[in-house]
Amino acid sequence: MELKTQYFAPADQGRADIKPTDLAIIDEKSTPVEEQDRFRSLIRTKMDPKERALVRKLDYYIMPTICVMYFLNYVDRNAIAQARLNHFEHDLGMSGNQFNTAVSILFIGYVLMQVPSNMLITRIKPGIYMSGCMLLWAVVSASTASVKSYEGLVVSRFFLGIAEAPFYPGATYILAIYYTHSEMAARVGLMYAGQLLATGFTGLISAGVFAGMDGLRGFTGWQWLFIIEGALTAFVAILGFWLLPNTPDDTYWLTEDERKLVQARRARDRMSDIFGETSAWEGLKQAFKDKRTWLFCFMQMFHLSACSFNAFFPTVAKTLKYDTTVTLLLTCPPFVLAGIGSTLVGWSSGRLNERTWHITATLSFAIAGFVIAASTLNTAARYVACFIFPVGAFSANSVIVGWASSTLSQTEEKRAVVLAITNVFGHIGYIYGAYLWPDSDEPRYGIGFGASAGFALLSICCAWVVRTLLIQENKKIRMSVPEPTINLYSY
């Protein structure tokens with residue numbers, strides 16, 4: 001839960017059994033008795049039945065749509081990793097580190113488009129905008145099947161990055177519009193699970209396509225892979241025009257009372273240092289001037305740098321010395337487990353109102369996996385490590401994103417820019433991370449695993465610096481806001 005307050009639903013207000021002292025700040029430096037009461041109150045905070053019904057309806061409409069979209073976002077992005085196992089490089093005449101460059105170039109386009117996109121999304125209908133971008137990236141992804149050279153692949157990947165860029169920060173922005181701080185981490189975790197399942201199930205899809213369609217109608221297996229996945233993405237994008245919400249006042253499946261309740265939840269959930277309404281450019285300035293923005297940027301950059309193994313996981317799995325079909329099948333279970341872990345960690349972080357220790361625990365778990373993978377070539381031990389480091393590394397993401405969104409949400413414009421900037425910095429890690437896994441380092445890949453462990457440690461350090469700053473900010477808020485209940489930063 002993000003708000004360190006105890007509040008009561010409208011139905012409870014005015015009751016004689018609720019005393020003024022019940023409306024108190026929950027202090028992170030409280031006495032042992034107060035600390036116990038704090039965690040009990042977090043678990044038993046009351047919610048009005050109408051609000052509970054609204055949250056269920058939001059979950060029903062928003063979460064399946066966003067999760068499937070994010071699933072396909074990574075299916076299309078990572079198809080190149082599976083294609084590599086189907087004579088992809090040979091067919092395009094690639095050699096040396098050209099494959100690494102093809103992986104990396106996507107994130108150049110991705111980084112360039114993120115901030116402008118999220119500045120724009122606060123001024124237009126976000127659901128329609130994101131669905132349109134998804135339709136565009138579906139076309140670009142499917143067209144990859146027609147490339148004939150390394151140069152054509154680089155151009156295709158660059159524009160795929162531009163088309164995909166609006167989705168993730170846009171999706172987290174939509175979640176931030178409709179869900180409270182305490183609800184965000186679990187929803188981001190669930191959305192992120194879609195990405196992890198995509199990485200896992202792409203292996204299963206690829207195994208079937210390569211085994212059954214390679215050479216069908218004159219197309220190679222990797223060409224069929226891009227065509228099938230692009231067509232599926234286009235179909236879901238068209239559904240998104242109807243299913244994804246826009247602003248509360250412009251979402252057809254919300255009633256008038258539900259729209260008012262969404263706005264009331266947003267007003268109640270705002271931090272006590274909230275600013276007034278502002279322009280997109282002012283939101284950009286606010287984000288850039290806030291030192292916490294840059295700490296979250298580096299935290300996310302180091303975190304995603306530690307996740308750079310994602311595009312090379314099938315290549316790493318190939319070092320287990322199985323054939324192509326078995327190798328692709330082996331890539332699925334670790335990411336399914338990582339998806340479950342991401343969801344549970346996000347839920348736990350929101351439920352316990354805690355961020356720093358969740359990040360520390362998950363990334364420390366990932367470091368252990370990286371060390372094991374780099375230190376042995378034993379098949380069983382290495383495959384166990386292939387479960388450990390994805391679960392640890394990816395489980396931290398929902399906590400970091402939810403933490404940044406709620407901490408830097410003084411205006412909608414600032415929050416949108418912050419989500420984009422942190423994602424930009426995060427994906428800069430993927431640009432140079434692609435070169436940490438050269439073929440020359442096969443089969444141990446000590447450079448990649450060693451660097452990933454170091455990046456995970458740096459991300460943990462950033463989390464503790466942010467924690468220190470937020471403790472100081474909370475003290476300032478208490479001194480400056482003489483209200484009986486105030487919203488404080490979680491850490």
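Predicted model, so just to flag it, every value in this text is computed and none were measured.
Counted within 6.0 Å of CH2 on Trp357, heavy atoms from surrounding residues, nucleotides or ligands total 12 or fewer; the atom is thus considered open.
For the salt bridge (Lys or Arg N to Asp or Glu O under 4.0 Å) test with Glu258, the passing option among Lys50, Arg265, Lys57 is Lys57; the others fail.
Closest heavy-atom contact between Ala385 and Gly369: CB-O, 3.6 Å. Minimum interatomic distance between Gly230 and Ala138 (heavy atoms only, all atoms of both residues): O-CB, 3.5 Å. Counting all heavy atoms, side chain and backbone alike, Trp403 lies closest to Ala463 at CH2-O, 3.6 Å.
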Stepwise side chain to side chain donor-acceptor pair (under 3.5 Å) check, Trp464 with Thr360: CA-CA 9 Å; Trp464 282 90; Thr360 302; 2.9 Å; yes

Worked verdict on Asp76 versus Thr233 for side chain to side chain donor-acceptor pair (under 3.5 Å): CA-CA 8 Å; Asp76 292 331; Thr233 300; 2.6 Å; yes

Worked check of side chain to side chain donor-acceptor pair (under 3.5 Å) between Asp59 and Tyr178: CA-CA 10 Å; Asp59 287 341; Tyr178 287 92; over 6 Å; no

Working for side chain to side chain donor-acceptor pair (under 3.5 Å), residues Ser395 and Ser342: CA-CA 4 Å; Ser395 293; Ser342 174; 5.5 Å; no

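In this structure a side-chain-to-backbone donor-acceptor pair under 3.5 Å is present from Arg259 to Thr251.
The closest side-chain heavy-atom distance from Met191 to Thr172 is below 4.5 Å.
In this structure, Phe309 and Phe335 have tilted ring planes: the angle between them lies in the 30° to 60° band. Ring geometry, Phe425 versus Phe298: the interplanar angle exceeds 60°, so the pair is classed perpendicular (tilted spans 30 to 60°).
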